[in-house]
Amino acid sequence: MPHVGIPRDQDLERCNLGVCGTDSMVSVLGDITATFGCMPATGVEARGFIFGPPIALAIGAKFVPMRKPNKLPGEVISEEYSLEYGTDKIEMHVGAVQAGERALVIDDLIATGGTLCAAINLLERVGVNVVECACVIELPELKGRERLGDKPLFVLVSST
Ligand SMILES: O=P(O)(O)OC[C@H]1O[C@H](OP(=O)(O)OP(=O)(O)O)[C@H](O)[C@@H]1O
Ligand SMILES: Nc1ncnc2[nH]cnc12
């Protein structure tokens with residue numbers, strides 16, 4: 001969503017990475033999955049849903065959606081987080097993942113890292129081990145990677 005004062009010229013839609021981006025993500029994440037054995041794959045609404053499901057299908061993992069507030073019909077757990085332009089919240093169904101599972105977190109873009117950190121926190125609160133994060137685009141000047149600490153992050157394109 002466009003927000004006043006935040007330049008969004010590096011968005012996914014303008015990079016035209018659709019099919020070839022998904023293909024490359026699948027091939028690299030397939031290798032990562034073989035190494036770490038991660039299941040499930042989780043994706044963050046909205047644009048994490050473009051890449052998450054095809055990657056999950058390709059690596060044989062269940063896809064678990066992390067949605068914006070008040071969208072999921074069942075009981076949820078939620079995590080609030082800060083963005084460049086305010087705060088937001090993501091939610092996941094209770095029971096969608098099991099303690100001890102090893103998850104891969106997928107989104108289209110990492111900017112400040114707030115969204116990915118929220119996804120990681122949500123999963124770790126229910127005992128899931130996040131073994132890898134993957135984004136198509138990184139905006140390195142916003143230092144999101146630093147916020148992730150030592151969590152491994154794969155990005156396809158780093159854009160300044
Ligand atoms: O690293 P961060 O600073 O957290 O920013 C990255 C997030 O921002 C964008 O989503 P947005 O919240 O705009 O939602 P949308 O996908 O619904 O447009 C993008 O798709 C990432 O999910
Ligand atoms: N495309 C983008 N450009 C700048 N900041 C962002 N925060 C989230 N997405 C962004």
Side-chain angles (χ1 to χ4, degrees), residues 1-26 28-29 32 38 40-59 61-74 76-93 96-97 103-126 128 130-160:
M1 280 251 242
H3 290 267
V4 176
I6 307 292
R8 302 291 289 256
D9 55 338
Q10 308 290 349
D11 267 336
L12 178 71
E13 293 80 357
R14 293 183 210 202
C15 291
N16 201 18
L17 284 168
V19 173
C20 107
T22 309
D23 226 35
S24 310
M25 293 280 279
V26 164
V28 175
L29 294 170
I32 289 172
C38 26
T42 64
V44 185
E45 186 172 5
R47 282 166 284 182
F49 291 5
I50 299 172
F51 293 95
I55 290 166
L57 193 62
I59 66 178
K62 67 179 170 185
F63 178 72
V64 175
M66 301 206 162
R67 300 213 62 185
K68 296 274 160 84
N70 308 314
K71 300 266 191 130
L72 289 167
V76 298
I77 55 166
S78 21
E79 180 84 19
E80 209 170 277
Y81 60 102
S82 56
L83 293 157
E84 281 174 284
Y85 40 78
T87 62
D88 211 338
K89 209 195 289 189
I90 50 171
E91 296 186 335
M92 179 177 70
H93 263 147
V97 289
L104 163 67
V105 179
I106 301 159
D107 205 355
D108 66 319
L109 180 142
I110 176 167
T112 65
T115 307
L116 273 189
C117 280
I120 294 167
N121 288 345
L122 200 49
L123 289 160
E124 292 189 341
R125 275 169 53 199
V126 294
V128 169
V130 175
V131 294
E132 183 75 28
C133 301
C135 291
V136 183
I137 302 167
E138 176 181 18
L139 304 182
E141 68 275 19
L142 292 174
K143 302 190 189 314
R145 192 180 277 274
E146 288 175 20
R147 201 155 156 191
L148 295 188
D150 58 4
K151 280 289 172 222
L153 169 68
F154 167 78
V155 294
L156 199 58
V157 180
S158 193
S159 161
T160 48

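For reference, positions follow the sequence shown, starting with 1. Numbering of ligands and ligand atoms starts at 1, following listing order.
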| request: Ignoring angles and geometry beyond distance, decide whether Ser82 reaches within less than 3.5 Å of ligand 1 through its nitrogen or oxygen atoms. | output: no
| Should Leu116 be counted as touching ligand 1, given the test is an N or O pair under 3.5 Å? | no
| field | Any donor-acceptor pair under 3.5 Å from Arg125 side chain to Ile120 backbone | value | no
| query | Taking only residues at least two apart or on different chains, which pairs with a member in residues 112-123 satisfy side chain to side chain donor-acceptor pair (under 3.5 Å)? | reply | Glu79-Asn121
| request: Show which atoms of ligand 1 fall inside a sub-4.0 Å distance from at least one heavy-atom site of Thr115. | output: 2 (P), 4 (O), 5 (O), 6 (C), 7 (C), 22 (O)
| request: Please work out which of Ile50, Asp108, Leu83 has its closest non-hydrogen atom nearest to atom 19 (C) of ligand 1. | output: Asp108
| message | Tell me whether Lys62 contacts the main-chain N or O of Ala96 through its side chain, where contact means a donor paired with an acceptor under 3.5 Å. | response | yes
| request: Provide the full list of salt bridge (charged side-chain N to carboxylate O under 4.0 Å, His left out) pairs with a residue in residues 144-158, sequence neighbours left out, each pair given once. | output: Glu124-Lys151, Glu138-Arg145
| Going by distance only, is there an N or O of Asp88 that falls short of 3.5 Å from an N or O of ligand 1? | no
| Is the backbone N or O of Gly74 less than 3.5 Å from a side-chain atom of His93, with the two atoms forming a donor-acceptor pair by type? | yes
| query | Based purely on interatomic distance, does Thr112 place a nitrogen or oxygen under 3.5 Å from a nitrogen or oxygen of ligand 1? | reply | yes
| field | Numbered atoms and elements of ligand 2 in range of Ala111, under 4.0 angstrom, heavy atoms | value | 6 (C), 7 (N), 8 (C)
| Is there a heavy atom in Gly144 that sits closer than 4.0 Å to ligand 1? | no
| request: Output yes when the distance from some N or O of ligand 1 to some N or O of Leu109 is under 3.5 Å, and no in every other case. | output: no
| Among the heavy atoms of Val44, does any lie under 4.0 Å from an atom of ligand 1? | no
| field | N/O donor-acceptor pair under 3.5 Å between Glu91 side chain and Asn70 backbone | value | yes
| field | Enumerated ligand 2 atoms positioned under 4.0 Å from heavy atoms of Leu139 | value | 2 (C), 3 (N), 4 (C)
| note | Here the gap from Met25 atom CE to Cys135 atom SG, rounded to the nearest 0.5 Å, amounts to 7.0 Å
| task | Answer yes or no: is there an ion pair linking Arg67 with Glu45, defined by an N-O contact shorter than 4.0 Å? | result | yes
| Numbering the atoms of ligand 2 from 1, which are under 4.0 Å from a heavy atom of Leu109? | 1 (N), 8 (C), 9 (N), 10 (C)
